[in-house]
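Worth saying up front: this structure is predicted, and the values here are computed from it rather than measured.
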Amino acid sequence: MAAINFKEIEAKWQRRWDEDKLFDGKISAKDKFFFTVPYPYTSGPLHIGHGRTYTIGDIIARFKRLQGYNVLFPMAFHVTGTPILAIADSIAKGEEKVVARFRDYIAIYEDADKVDKLLNSFRSAENVANFFAARISEDFKRMGYSIDWRRKFNTTEPMYNKFIEWQFKKLYDKGVIKKGKYPIAYSIEDDSAVGEDDIEGGDTDKVSVIEHTAIKFKLADGSYLIAATLRPETIFGVTNLWINPAASYVKVKAGNETWVVSKEAAEKLGYQKEEIAVLEGAAGSSFVGKNVKELVEGREIPVLPASFVDEDVGTGVVYSVPAHAPYDYIALEDVKRLEGVEIEPIKIIDIGGYELPAKEICERMNIANQEDERLEEATQTIYKDEFYRGVLNDKCGKFANVKIADIKDEVKDWLKRENIADVFYETSRKAVTRGGDKVIVAVLQDQWFIDYTPEWWKELGHKLVEGMTFYPERYKTYMHDIIDWLAFRPCARKRGLGTQFPFEKGWIIESLSDSTIYMAMYTIAHLLRQLPVDALTERFFDFVFLDIGDAPKLSKELNVDADVLNRIQDEFTYWYPNDLRHTAPPHLSNHLVFFLMHHAAIFPENMWPRAITLNELMIREGKKMSKSKGNVIPLADVSELYGVDLYRLYCAINADFATVVNWREQDTESLRKRLNAVVELFEDSIDVEGLNEAELTHIDRWLLSRLYRRLRESVERFEAFRIREAGINMIFNAMNDIRYYEQRQDKDRRKRIVRSVIDEWLIVLSPIIPHICEEIWHKLHESFISVQTLPELNEAFIDDRVEREEEYLVSLIDDIKEILKVARIKPTKIYVYTAEDWKWELFRAIKDLPDKDKIREAMKLRKDKSTVDFVKQAMKSKRDYFELGEPEVIEREKEYLAKEFGCEIGINEDYDPKGKKRFAVPLKPAIFVEG
RNA sequence: GCGGGGGUAGCCGAGCUGGACAAAGGCGCAGGACUUAAGAUCCUGUUCCGUAGGGAUACGAGGGUUCGAAUCCCUCCCCCCGCACCA
């Protein structure tokens with residue numbers, strides 16, 4: 001028989017499935033199963049890592065079809081957001097790196113001579129999005145995914161915009177769309193917010209926004225020196241200010257006050273506060289020696305010079321707490337020595353193990369000057385110790401005797417209320433964008449948010465989660481935590497592709513906020529396309545999704561046929577809710593929680609999602625896949641490099657959902673051999689005749705029993721999303737059974753047995769390796785395996801007794817082998833002695849008793865010394881109790897045993913020169929080997 | 001820091017509602033069969049000891065609970081992931 005050409009059959013069956021529209025979801029009387037995976041973002045090609053989630057998804061969808069559900073598995077494309085726009089801009093600007101990358105991307109799909117032309121078209125974001133959307137859908141078809149493509153859409157289409165507007169109106173009506181201030185990492189040069197991806201090294205060394213407290217110190221002329229701090233509670237211990245004499249400072253108008261900060265800080269302030277105007281510059285040195293008044297107790301304190309003050313960190317002014325800050329302590333020591341100034345530290349925190357913390361840690365670490373890099377470490381140590389263990393002392397007024405950890409925020413709020421302090425934001429470390437521009441913190445003054453804090457909303461969210469199924473299960477608890485943690489989230493921005501924010505011009509709805517309930521779109525997308533966009537009003541969607549209003553009225557209003565309206569509503573009502581969403585854990589704390597919360601807010605309970613399954617990511621040869629490492633394999637190359645079914649099998653079998661899949665070339669090779677062996681096994685059996693029941697021998701029955709048992713188990717595992725176990729069972733374990741069988745029987749007979757189970761076997765495997773199964777199925781049947789339902793398994797063949805007998809035989813053979821090995825004997829005859837009847841009787845009688853009672857009970861039944869020996873022996877044996885005619889089984893397999901050991905076998909003969917007989921225990925015969 | 005997940009034989013990786021676990025399966029390695037040979041395939045072995053199917057030691061380290069622990073509890077060490085406006 002000619003070997004199957006995998007590439008050929010992939011293409012063939014994909015075409016046939018398509019032509020016969022096997023996967024188009026149509027309303028029917030059957031139970032529906034609406035299954036979704038996240039739509040891909042179309043900024044580039046997908047790789048095998050992305051493919052895992054979609055592949056597992058397709059396996060689930062196909063399995064549900066086998067179970068008899070009317071499955072809808074749709075797909076769309078995510079286009080909204082900034083990345084695609086940024087790519088188009090970069091290409092338009094001719095940025096080399098980006099151009100080179102996209103040249104490679106295009107080359108994955110296109111001939112070399114078309115690359116330049118296409119690349120040129122990528123100056124338009126729309127073209128980038130469309131190109132990759134088209135290619136990704138081809139990739140998906142080539143992976144054999146059973147998707148209903150009629151319903152595809154992308155997130156910049158007018159009808160989608162209308163849908164998103166509707167969603168936001170619903171949320172707005174609930175009062176959760178709000179405007180407010182928001183600090184964010186920002187680049188002045190780029191005039192835009194910067195995310196982790198935009199920051200140099202941002203993926204490994206995260207940059208976060210830190211709120212500092214900016215404390216005001218009054219100068220003689222009425223203006224304020226502003227010192228930023230992370231430890232506002234230490235204000236009670238301030239002894240002086242530090243300023244960098246070499247740096248430039250400026251006076252700025254802040255509201256109706258005048259502040260003095262470093263030049264750099266003034267620029268930052270301009271992006272953080274509304275009324276900031278720079279007045280005039282001043283050298284740092286001009287402030288040295290002046291006094292300022294601290295506003296808590298009204299003490300006069302001096303401004304002193306310090307080289308450790310960085311004008312580009314905070315405000316460029318630092319207030320000094322030498323008792324508790326190592327930097328301040330060391331700087332103060334310097335000033336004392338050089339300028340002869342006398343200032344005593346003020347201790348305000350009591351903490352066990354320290355008298356003057358800053359002094360002692362510097363001495364302990366042997367730090368003597370301001371340039372010592374270990375000052376940072378000393379500061380961290382003190383900070384932690386004091387934060388968790390320190391208590392403010394009686395110098396701290398109403399905050400005395402409270403632990404720092406409990407009082408810090410209160411002090412901060414009090415200072416702000418008293419107008420002694422303001423807020424200043426700083427990045428957690430100095431950072432630049434990938435383009436090399438400085439990253440600062442800007443405060444967006446009128447950012448739009450979704451406010452997830454309302455109690456009613458969280459309650460609904462928890463209720464929804466509680467009613468859902470999660471796999472792996474632990475994510476359910478995790479999701480509850482995420483809902484609690486969720487607070488305010490910006491939902492609109494000024495840049496990017498997407499839907500216009502309906503409540504203020506110039507804003508675009510942010511792209512995760514527009515991907516929350518889009519599954520609803522799938523149910524009606526193909527029908528919506530036939531309507532004019534103008535008809536897609538709020539009242540239209542209210543009718544379709546929420547059943548508000550009535551068709552005839554709406555029909556007039558929208559000028560759309562009432563039947564059409566009803567038809568659309570029916571489609572939604574039939575398919576919704578989303579029965580299962582399959583995705584990956586990184587989505588939990590963003591997309592998935594929005595998905596759930598928005599459903600909870602907008603839809604009635606019977607339309608809430610039912611289940612979420614998640615699979616981990618994929619790595620390659622032990623390493624994360626990333627474009628920068630150059631170790632990605634495009635999904636588009638899978639067919640050519642490995643074959644689609646092999647890839648699918650690898651995804652299914654290599655790891656459970658909760659585990660990362662490691663794509664290892666070597667493993668793909670060995671899996672290929674396995675798969676080939678399985679295919680060959682099936683092909684071998686196509687032309688033979690199945691065995692009929694009358695012909696079956698013990699070992700035939702054994703194999704059938706094993707195979708049917710495995711089939712049954714596999715279906716159970718599938719139902720529980722344990723796809724890996726199902727796959728291993730039907731590929732590896734079943735093949736091991738076959739191998740064992742061949743040792744006992746012959747290959748030709750094996751073919752006939754396999755022929756008897758081949759239909760069921762193929763059906764169970766078909767979700768994982770659909771092309772191969774379809775191909776073989778068609779050699780036996782006219783129909784498509786892809787739309788079969790699970791057959792009633794022939795449970796009658798699952799036969800415990802037959803399997804137990806074989807198990808017994810195997811253990812007997814193992815024991816004999818063990819003896820031969822240890823005793824190094826070449827056998828001339830092997831004597832097997834099965835347990836006598838009295839032993840069986842006792843065995844039965846005491847099997848359910850606890851060990852400690854066994855001997856006593858047995859003695860009651862049979863008072864003999866040999867009883868004790870036997871029970872002890874039997875307790876050591878680890879076999880489960882089961883009834884078995886031992887002599888008959890051995891007698892039946894005598895020939896096989898003789899062949900196996902190349903000598904005669906004696907069963908229960910009287911000859912017993914070494915007295916072995918007495919060691920016989922039920923299910924564990926005694927053995928004597930003569931050599 | 002906060003929250004979550006882990007550490008199993010040379011490697012990958014199951015088991016982890018306590019008992020048949022010297023620990024599935026795969027890979028690797030060694031020996032054998034087949035072959036002119038290689039490859040593929042199949043068989044056997046792969047902690048140590050043992051001339052009778054047995055015993056000892058093992059599942060990050062240490063301690064505990066139990067007749068019994070890879071599995072439960074405590075302490076410690078180490079690794080990975082998320083922490084928001086980003087798809």
Side-chain angles (χ1 to χ4, degrees), chain A residues 38-44 78-84 182 184-185 193-198 202 206 208-209 383-384 387-388 405 444 447-450 452 472 474-475 477-478 481-482 484-493 496 510-513 515 585-591 593-594 616-617 622 624 653-656 658-662 664 666-667 669-671 673-674 676-677 680 724-725 728-729 731-733 735-736 739 742-743 807 811-825 850-852 876-880 914 916 919 924-929 931:
Chain A
Y39 46 23
Y41 189 73
T42 59
S43 61
H78 195 196
V79 178
T80 42
T82 50
I84 291 178
Y182 197 68
I184 187 178
V194 292
E196 183 184 298
D197 290 345
D198 308 319
K206 260 183 68 74
S208 48
V209 171
Y383 180 87
K384 252 191 202 165
F387 183 77
Y388 292 107
L444 305 180
Q447 173 66 47
W448 285 95
F449 292 93
I450 299 177
Y452 289 100
R474 61 183 158 91
Y475 287 121
T477 328
Y478 191 39
D481 292 345
I482 292 169
D484 286 335
W485 157 86
L486 196 63
F488 290 86
R489 189 190 155 89
C491 62
R493 49 195 321 194
E510 183 271 330
S511 63
L512 279 183
S513 306
S515 304
H587 288 145
L588 279 161
S589 62
N590 44 62
H591 165 70
V593 71
F594 306 144
E616 269 295 344
L617 305 175
K624 240 184 196 169
I653 273 184
N654 185 274
D656 186 30
T659 310
V660 172
V661 162
N662 188 6
R664 299 203 297 187
Q666 191 188 46
D667 289 355
E669 262 320 301
S670 46
L671 189 62
K673 287 171 198 160
R674 284 284 154 170
N676 287 341
E680 198 178 317
R724 166 189 156 84
E725 289 170 23
I728 285 178
N729 214 19
I731 299 281
F732 287 86
N733 297 346
M735 284 304 275
N736 287 346
R739 228 157 29 192
E742 279 178 13
Q743 262 177 271
E807 225 174 90
S811 95
L812 176 62
I813 291 173
D814 281 349
D815 283 349
I816 297 173
K817 279 184 183 163
E818 176 80 8
I819 291 166
L820 294 178
K821 190 184 121 201
V822 176
R824 292 176 205 151
I825 301 171
D851 279 2
K852 57 182 165 57
K876 266 203 270 178
S877 154
K878 293 164 174 173
R879 300 226 137 256
D880 251 350
K914 288 269 167 81
K916 295 287 180 192
F919 294 121
K924 194 168 173 64
I927 299 159
F928 171 64
V929 181

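Each of B:G53, B:C86, B:A52 was ranked by its minimum atom distance to the side chain of A:A823; first place goes to B:A52. Closest to the side chain of A:V929, from the set B:A52, B:G3, B:C86, is B:A52. Nearest to the side-chain atoms of A:W485 among the listed nucleotides B:C86, B:G50, B:A84 stands B:A84. In this structure, the nucleotide among B:G50, B:G5, B:G28 sitting nearest to the side chain of A:R474 is B:G5. Side-chain proximity of A:L486 to B:A52, B:G26, B:A84: nearest is B:A84. Residue A:N736 places its side chain closer to B:G26 than to any other of B:G53, B:G26, B:C86. In the set B:G53, B:G4, B:U51, the nucleotide with an atom closest to the side chain of A:I927 is B:G53.
Residue-level contact check: A:H591 touches neither bases nor backbone, having no heavy atom under 4.0 Å from any strand. Note on A:A926: a base of the nucleic acid sits closer than 4.0 angstrom, heavy atoms only. Across all strands shown, A:T477 has no heavy atoms under 4.0 Å from either base or sugar-phosphate atoms. Across all strands, A:F449 comes closer than 4.0 Å to no nucleic acid atom at all (heavy-atom distances). Using a 4.0 Å heavy-atom distance criterion, A:A487 is classed as a base contact. Residue A:P472 is classed as having no contact, given no heavy-atom separation below 4.0 Å to the nucleic acid. Residue A:P83 is classed as a sugar-phosphate contact, given heavy-atom separations below 4.0 Å to backbone atoms only.
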N/O-N/O pairs, protein side and nucleotides 42-45 of chain B side, under 3.5 Å:
unit_1	atom_1	unit_2	atom_2	d
B:C42	OP1	A:R739	NH1	2.6

Give every pair of a protein N or O atom and an N or O atom of nucleotides 9-19 of chain B that lie under 3.5 Å apart, one pair per line with the distance.
unit_1	atom_1	unit_2	atom_2	d
B:G13	O2'	A:R724	NH2	3.2
B:A14	OP1	A:T659	OG1	3.2

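One interatomic measurement links the two molecules: NZ of A:K924 to C1' of B:G54, which rounds to 10 Å at whole-angstrom precision. Remark: C1' of B:A24 and CE of A:M735 are 18 Å apart, rounded to the nearest angstrom. Residue A:E510 contributes atom CD, which lies 14 Å from atom P of B:A84 at whole-angstrom precision. Across the protein-nucleic acid pair, A:N733 atom CG and B:G26 atom P stand 9 Å apart, rounded to whole Å. Distance A:F594 CZ to B:C86 P: 12 Å, rounded to the nearest Å. For the pair A:R489 CZ and B:A84 P, the computed distance is 11 Å after rounding to whole Å. Between the NZ atom of A:K673 and the P atom of B:A40 there is a distance of 5 Å, given to the nearest Å. We find that CG of A:D481 is positioned 16 Å from C1' of B:A84, with the value rounded to whole Å.
Phosphate contact (OP1/OP2 of B:A52, side-chain N/O of A:R824, threshold under 4.0 Å): absent.
Place A:F919 and A:C491 on RNA chain B by their nearest nucleotides, and A:F919 ends up nearer the 5' end. In terms of position along RNA chain B, the nucleotide closest to A:K916 lies nearer the 5' end than the nucleotide closest to the other residue of the pair A:A492 and A:K916.
Here the closest heavy-atom approach between residue A:V79 and residue A:I84 is recorded as O-CD1, 3.6 Å.
The ring pair (Phe, Tyr, Trp, His ring centres under 6.0 Å) search around A:Y475 returns none, not counting sequence neighbours. Residues passing the ring pair (Phe, Tyr, Trp, His ring centres under 6.0 Å) test with A:F919, sequence neighbours excluded: none. The side-chain contact (heavy atoms from CB on, under 4.5 Å) search around A:K817 returns A:I813, A:E900, A:F901, not counting sequence neighbours. For the ring pair (Phe, Tyr, Trp, His ring centres under 6.0 Å) test, residues two or more places apart in sequence or in another chain that qualify with A:F594 are A:Y452. For A:R489, the salt bridge (Lys or Arg N to Asp or Glu O under 4.0 Å) partners are A:E510, not counting sequence neighbours. Partners of A:R674 by salt bridge (Lys or Arg N to Asp or Glu O under 4.0 Å), not counting sequence neighbours: none found. Not counting sequence neighbours, the partners of A:E742 by the salt bridge (Lys or Arg N to Asp or Glu O under 4.0 Å) test are A:R750. Among residues two or more places apart in sequence or in another chain, the salt bridge (Lys or Arg N to Asp or Glu O under 4.0 Å) test is passed with A:E725 by A:R717, A:R722. Qualifying ring pair (Phe, Tyr, Trp, His ring centres under 6.0 Å) partners for A:F732, counting only residues two or more places apart in sequence or in other chains: none.
Helical stems of RNA chain B (runs of at least 3 Watson-Crick or G-U pairs, donor-acceptor distances under 3.5 Å) are listed by first residue: B:1-7 with B:77-83, B:10-12 with B:25-27, B:28-33 with B:41-46, B:47-49 with B:54-56, B:60-64 with B:72-76.
When each of A:S511, A:S515, A:S43 is checked for a side-chain hydrogen bond (donor to acceptor under 3.5 Å, both in side chains) with A:H78, only A:S515 meets the rule.
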